[in-house]
Amino acid sequence: MLHPSPVDWPASALSRAIHARALSCREVMSAFLAQIDRLNPTHNAIVSRVDPDQLLTQADQRDRQLDAGHSLGWMHGFPMAIKDLSPTAGILTTFGSPLLARNVPQADSILVERMKAAGGIVIGKTNTPEFGLGSHTYNPVFGATRNAWDPALSAGGSSGGAAVALALRMLPVADGSDMMGSLRNPAGFNHVFGLRPSQGLVPHGPLDEQFVSQLGTEGPMARNVDDLAQLLAVQAGRDSRAPLSVAGRWPGETMDLARNTGALRIGWLGDLEGYLAIEPGILSVCESALGRFAGDGCDVESIAFGYDPVRAWNTWITLRAWMVAGKLSAFSTGDAQRSQIKPEALWEIAQGEGLLAARVFAACAERTALYQHMRRLLERYDVLALPVAQVWPFPVEQHWPREVAGRAMDTYHRWMEVVIYATLAGLPAISVPAGFGANGLPMGLQLIGRPQADLALLRIAHRYERLASDLLSRKPANV
C-alpha cells in the first residue's frame, strides 16, 4: 500500500500515479515544497530555491500536457534540485565559491538538459563543498549541510545536499557527481543508494576540456534500486559534445532488475589487509551486509587486493592535483581571489602547478596498470566489495578527519582513500546501505562491477535490496 503523502512514494510509483492522473503534478509539487519548508531550515540541503509560485505554474503546465495526452517522460512533473556543480540556465550556480556567488549560467549542462527533457522541474540546487573538493558539504556561500540522521554531523560530500534531500523525502530522486566518492560517500552517510556509473556512460559537460578530465562523472542517487536505474536511463547515453561518452542509449536491453543473478562470487577487500585506516565497527557492519548474500547462496570470499595501494595513492594524488589545478588556476591569479579560496583547494592548485609532464604521464600509465589488474580480478569475481567510507559521520563543524583509528591523515582527503580504486579504473561502483553501527549511524557498502557492466551491477544491488528489506525500511526520525 502506498504511503498517504506523495513525498514517501518511490519515484517509479510516483511516476505511474502522475501518468495515471491519480495525482496531479501540482499536488506533487505542493507536497515536496511543504516537506522542504519543514526540514530544509534544519538540514540546509537545498539552496538557491526557485520561487514557489513559479514552480506551481510549471506544475500546472505539466498537468495540461498530460490532459492533452502528452508526457515528456519518466520524470514528468518531478521536482528536482540540481547539484550546485552542474550549470542550470537562469538559476544561480555557485560551485560553493564566493567567487561565483552571482554566477547565473545561460545554458544547462547535458545532465540538466536530459532531466528537464524527461519532465523534471528544477526547484533549486543541492548544496556542495567549495568547488566540490572534500567529502564534507560546507562552503562560505551557503554554509554546511547536516546529516539526515543527525543534524549535528556531516552529510558527506560532495553530493551531500543531494543525499540529505533524498533521505528526508525533499526530492523523489537526485543527481550528483563523483570524483573521490562524491556519489558513494554521502549515500552511505545518509542510508540511500548512490551509483558512480562507468566512465563515459553519463556524458559530462559541456566542459572546456573534454579529453583528459576523466576522474569525475555524474550519476544518480535514489532510495531504491529501481528508481536509481530509471534515473540512470534518463541521464545516460551518447552525446556528441562529450567525445568520450559511450555509444547508444542505456541500457540497450530490457532492464529486468529482478533477473536471477545466480551464485555470485564476491571478493571482499575489507581494509586491504590492514593498509587502510578504518574506524571500529565499519568493517563488521559491511561484513554483516555481505552475509545477506552468503545466506542467499553466494560465495563471499575475503581476498588480497594483489596491487600495491601506495602506487594507487600516488597515482591518485598526482592526477587529481593536475586536474584540479588545471580547472582552478584561473580562479587564483591574485591575492584578492586566493583569499576567497579554502586552504585545501589552494594546496591542490600548488601541488598541480608544480608537476612535471613526465610525472603526469607516468601516473597515467600506472592508472592503466591498475585498471588491467582490477579487470583481471573481476574475471574471477562478479563484484569487488569495500566499505564506502573509512569513518562514521563526524561533527559538522570539523572540516575533515585529521586522524582515523589512531593514524594521522596527511592530506584533507586521505580519509576517503577507499573510494579511489573504482574511480581510477573507471568502473561502475554502487553504494548500498550496509546498516547502522552501535552509534546508531548509517554506513554504506561499496560494490564495484565489471567494465561497462552497470546493468549487471544494478541487478546485484536489486538482489541485495530484496535481502535487506528490513534494513532499508528504516527512515530518519524526523521524516
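Since we're looking at a predicted model, the values are computed, not measured. Counting begins at 1 with the first residue of the sequence.
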Are [X] and [Y] linked by a side-chain donor-acceptor pair shorter than 3.5 Å?
| X | Y | value |
| --- | --- | --- |
| Thr145 | Thr137 | no |
| Thr423 | Arg184 | yes |
| Thr261 | Arg463 | yes |
| Asp84 | Asn127 | no |
| His413 | Ser135 | no |
| Thr217 | Gln199 | no |

### Query
Does the pair Val404 and Met409 meet the rule for a side chain to side chain contact (heavy atoms under 4.5 Å, CB included), with working shown?
CA-CA 7 Å; Val404 178; Met409 298 291 102; 3.8 Å; yes

Gap between atom [atom2] of [Y] and atom [atom1] of [X] - 0.5 Å precision:
| X | Y | atom1 | atom2 | result |
| --- | --- | --- | --- | --- |
| Leu153 | Phe394 | CG | CZ | 9.5 Å |
| His204 | Glu218 | NE2 | CD | 4.5 Å |
| Leu269 | Glu301 | CG | CD | 10.5 Å |
| Trp415 | Glu279 | CH2 | CD | 10.0 Å |
| His462 | Leu257 | NE2 | CG | 5.5 Å |
| Leu183 | Ser177 | CG | OG | 6.0 Å |

### Task
Identify, with sequence neighbours excluded, every residue that meets side chain to side chain contact (heavy atoms under 4.5 Å, CB included) alongside Ser109.
Ser86, Pro87, Leu111, Val112

### Message
Suppose we screen for side chain to side chain contact (heavy atoms under 4.5 Å, CB included). Which residues come up paired with Ser12, at least two apart in sequence or across chains?
### Response
Arg16, Trp74, Asp226, Asp227, Gln230

Heavy-atom side-chain proximity of [X] to [Y] below 4.5 angstrom:
| X | Y | answer |
| --- | --- | --- |
| Val192 | Asn224 | no |
| Ile282 | Asp271 | no |
| Asp308 | Trp313 | no |
| Arg223 | Pro10 | no |
| Val418 | Tyr275 | no |
| Leu133 | Val324 | yes |
| Val419 | Trp316 | no |
| Ile266 | Asp382 | no |

Give a yes or no on whether the backbone of [Y] and the side-chain of [X] come within a donor-acceptor separation of less than 3.5 Å.
| X | Y | answer |
| --- | --- | --- |
| Glu130 | Gly96 | no |
| Asn44 | Arg146 | no |
| Thr128 | Ser159 | no |
| Ser329 | Ala325 | yes |
| Arg114 | Val234 | no |
| Arg169 | Ala167 | yes |
| Glu209 | Ser213 | yes |
| Thr318 | Asn314 | yes |
| Ser182 | Ser158 | yes |

### Message
Pair Ile18, Phe78 - check side chain to side chain contact (heavy atoms under 4.5 Å, CB included), show working.
### Response
CA-CA 9 Å; Ile18 290 171; Phe78 277 22; 4.1 Å; yes

### Message
Considering only residues two or more places apart or on different chains, which pairs with a residue in residues 420-460 satisfy ring pair (Phe, Tyr, Trp, His ring centres under 6.0 Å)?
### Response
Trp149-Phe436, His191-Phe436, Phe305-Tyr421

### Query
After noting the C-alpha distance and the side-chain angles of Arg459 and Asp256, does the key distance pass the side chain to side chain contact (heavy atoms under 4.5 Å, CB included) rule?
CA-CA 8 Å; Arg459 286 171 177 154; Asp256 188 17; 4.2 Å; yes

### Task
Please test Thr88 against Thr93 for side-chain hydrogen bond (donor to acceptor under 3.5 Å, both in side chains), starting from the C-alpha separation and ending with a verdict.
CA-CA 7 Å; Thr88 42; Thr93 301; 3.1 Å; yes

Taking the six-membered ring of [Y] (Phe, Tyr or Trp), confirm whether the NZ or CZ of [X] is under 6.0 Å from its centre and within 45° of its axis.
| X | Y | answer |
| --- | --- | --- |
| Lys342 | Tyr138 | yes |
| Arg320 | Trp322 | no |
| Arg466 | Tyr464 | no |

### Query
Which word best sums up how the rings of Tyr412 and Trp400 line up, parallel for under 30°, tilted for 30 to 60°, or perpendicular for over 60°?
perpendicular

#### Entry: Residue pair Arg375, Glu379: steps toward the salt bridge (charged side-chain N to carboxylate O under 4.0 Å, His left out) verdict
CA-CA 7 Å; Arg375 178 186 61 80; Glu379 290 174 353; 3.0 Å; yes

Closest non-hydrogen atom pair, [X] against [Y]:
| X | Y | result |
| --- | --- | --- |
| Gly161 | Thr126 | C-CB, 3.7 Å |
| Val300 | Leu290 | CG2-O, 3.7 Å |
| Gly267 | Ile303 | CA-CD1, 3.8 Å |
| Val285 | Trp392 | CG2-CH2, 3.9 Å |
| Ala148 | Pro476 | O-CB, 3.4 Å |
| Gly205 | Gln210 | CA-OE1, 3.8 Å |

### Query
So, Glu113 and Arg241, do they make that salt bridge, N to O below 4.0 Å?
yes

### Carboxylate-amine/guanidinium contact Lys83 Asp175, below 4.0 Å
no

### Task
Report the C-alpha distance between Asn147 and His43 in whole Å, list the side-chain angles of each, state the deciding distance to 0.1 Å, and finish with yes or no for side-chain hydrogen bond (donor to acceptor under 3.5 Å, both in side chains).
CA-CA 7 Å; Asn147 191 284; His43 293 272; over 6 Å; no

### Query
Counting heavy atoms not belonging to Asp208, are there more than 12 under 6.0 Å from its CG?
no

### Task
Please step through side chain to side chain contact (heavy atoms under 4.5 Å, CB included) for the pair Met180 and Asn185, ending with a clear verdict.
CA-CA 9 Å; Met180 194 175 183; Asn185 165 249; over 6 Å; no

### Message
Does Glu417 form a salt bridge (charged side-chain N to carboxylate O under 4.0 Å, His left out) with Arg414? I'd like the steps, not just the answer.
### Response
CA-CA 5 Å; Glu417 189 171 359; Arg414 191 70 184 246; 2.8 Å; yes

